[in-house]
K.L.:
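Sharing a structure with you now.
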Amino acid sequence: MKTARLLLVLLALFGVTTLSNAQGVSKSGREKGLIIRPEIGVGMGSLGKSDHYYALYLQGSVDYQFNPYFNAGVGAGFSTNNWCLGGIGKDKVMALPVYANLRAYLCDKKVSPFFDLKMGYNIPLNEGRIREEYNPPLHLWNDSYFKIKGLYGMLSFGLQAGGMDVGISMGWVQGVSREMDQNMNYNVKEHSNSYFMTAFSIAYNFQLK
């Protein structure tokens, strides 16, 4: 009788342990540990009706997966932007974004929707230049310069299937523009602008176990 009771207790403990382990297995495959996430995206933004840009960006982050629902990390990248000013011309403007990254998954399944937040700073790599001659006989001219510099933020909603991400983003970048004109005097005006952007991105998550 004692042996039978002992066997029942052991079977009960085995069942509880098995159920606990089963509940701890991630259906999505997202396990605790480091993740390397390279990402490529395209986007466009504007400030008013005439000032706009088209962007291509490559970036990557190193994140820590705390559980199947949440990870956080840091990242950096490179962006090149075709900046258009008032329909009078365009130039390429490049920047280096560095950011902190937070991500929350809405479920623990093979196909999981998520929200992703990036907050950081853009380091300018060059300054775009456009010259507008508005009275050539008098040699009067106006130069417009622009560089991407300042706070950077992006909120994304997407789907992850396996290790692949597809997302749509809304975000903003800050830029610094300055104008020079010459009419017997030399004047420089500089001001900061915020540009809103929509983007589409694809990424892959490499888990380091």
Side-chain angles (χ1 to χ4, degrees), residues 20-45 53-83 92-126 147-176 192-209:
S20 176
N21 289 337
Q23 290 177 343
V25 174
S26 172
K27 297 178 181 179
S28 62
R30 294 187 294 271
E31 299 180 6
K32 184 181 294 187
L34 288 177
I35 297 173
I36 296 177
R37 183 186 299 127
E39 180 179 351
I40 183 172
V42 293
M44 63 179 297
Y53 67 93
Y54 302 95
L56 171 66
Y57 59 88
L58 301 169
Q59 55 195 23
S61 64
V62 178
D63 294 63
Y64 188 81
Q65 189 77 43
F66 295 94
N67 55 51
Y69 299 95
F70 181 74
N71 65 50
V74 293
F78 169 81
S79 70
T80 176
N81 305 266
N82 285 313
W83 172 58
K92 288 188 180 297
V93 183
M94 294 174 286
L96 175 69
V98 292
Y99 56 87
N101 184 78
L102 299 173
R103 175 174 291 198
Y105 294 91
L106 303 185
C107 63
D108 181 20
K109 296 182 179 180
K110 292 183 178 180
V111 178
S112 302
F114 63 82
F115 286 100
D116 188 283
L117 177 64
K118 296 180 177 69
M119 292 291 295
Y121 190 87
N122 268 310
I123 302 171
L125 297 179
N126 76 321
K147 59 185 175 183
I148 295 176
K149 178 183 179 181
L151 295 178
Y152 158 78
M154 187 170 293
L155 177 64
S156 306
F157 175 75
L159 290 175
Q160 184 178 101
M164 182 69 69
D165 293 347
V166 177
I168 298 175
S169 306
M170 295 289 293
W172 81 92
V173 296
Q174 284 189 320
V176 176
S192 177
N193 297 316
S194 294
Y195 288 75
F196 291 93
M197 179 176 68
T198 58
F200 173 79
S201 63
I202 298 176
Y204 194 85
N205 298 268
F206 294 95
Q207 291 199 21
L208 305 179
K209 301 178 181 179

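One is the number of the first residue; the rest follow in order along the sequence.
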K.L.:
The criterion is ring-ring contact (aromatic ring centres under 6.0 Å, His included); which residues satisfy it with F114, sequence neighbours excluded?
P.N.:
Y105
K.L.:
List for me each residue that meets side-chain contact (heavy atoms from CB on, under 4.5 Å) alongside M170, sequence neighbours excluded, and say none if there are none.
P.N.:
T198
K.L.:
Quick test of your reading: applying salt bridge (Lys or Arg N to Asp or Glu O under 4.0 Å), list the pairs with at least one residue in residues 54-75, sequence neighbours left out, ordered by first then second residue.
P.N.:
R37-D63
K.L.:
Which atom pair, heavy atoms only, marks the closest approach of P97 to Q59?
P.N.:
CG-OE1, 4.1 Å
K.L.:
Using the test side-chain contact (heavy atoms from CB on, under 4.5 Å), find all partners of E31 that sit at least two apart in sequence or belong to another chain.
P.N.:
Q207, K209
K.L.:
List for me each residue that meets ring-ring contact (aromatic ring centres under 6.0 Å, His included) alongside Y69, sequence neighbours excluded, and say none if there are none.
P.N.:
none
K.L.:
Quick test of your reading: applying salt bridge (Lys or Arg N to Asp or Glu O under 4.0 Å), list the pairs with at least one residue in residues 66-79, sequence neighbours left out, ordered by first then second residue.
P.N.:
none
K.L.:
Report the residues that fulfil ring-ring contact (aromatic ring centres under 6.0 Å, His included) with F70, sequence neighbours left out, ordered by chain and then residue number.
P.N.:
F66
K.L.:
What residue pairs, at least two apart or across chains, pass salt bridge (Lys or Arg N to Asp or Glu O under 4.0 Å) with a residue in residues 147-160?
P.N.:
none
K.L.:
Anything under 3.5 Å between a donor and an acceptor, one on a side chain of residues 161-168, the other on a protein residue two or more places apart or in another chain? List them.
P.N.:
{"from": "D165", "atom 1": "OD1", "to": "Q160", "atom 2": "NE2", "distance (Å)": "2.9"}
{"from": "D165", "atom 1": "OD1", "to": "N205", "atom 2": "ND2", "distance (Å)": "3.1"}
{"from": "D165", "atom 1": "OD2", "to": "R103", "atom 2": "NH1", "distance (Å)": "2.6"}
{"from": "D165", "atom 1": "OD2", "to": "R103", "atom 2": "NH2", "distance (Å)": "3.3"}
{"from": "D165", "atom 1": "OD2", "to": "N205", "atom 2": "ND2", "distance (Å)": "3.0"}

K.L.:
For Y121, which residues count as a ring-ring contact (aromatic ring centres under 6.0 Å, His included) partner, sequence neighbours excluded?
P.N.:
none
K.L.:
I need the minimum non-hydrogen distance between A55 and N81, along with the two atoms involved.
P.N.:
CB-OD1, 3.1 Å
K.L.:
List, one per line, each side-chain donor-acceptor pair under 3.5 Å for residues 152-159, sequence neighbours excluded.
P.N.:
{"from": "S156", "atom 1": "OG", "to": "S169", "atom 2": "OG", "distance (Å)": "2.5"}

K.L.:
If you look at every heavy atom in P124 and N122, which pair is closest and at what distance?
P.N.:
CD-O, 3.7 Å
K.L.:
So, using side-chain contact (heavy atoms from CB on, under 4.5 Å) as the criterion, who are the partners of K109 when residues are at least two apart?
P.N.:
C107, S112
K.L.:
Restricting to non-hydrogen atoms, name the atom on Y99 and the atom on A76 that form the minimum distance, rounded to 0.1 Å.
P.N.:
CE2-N, 3.7 Å
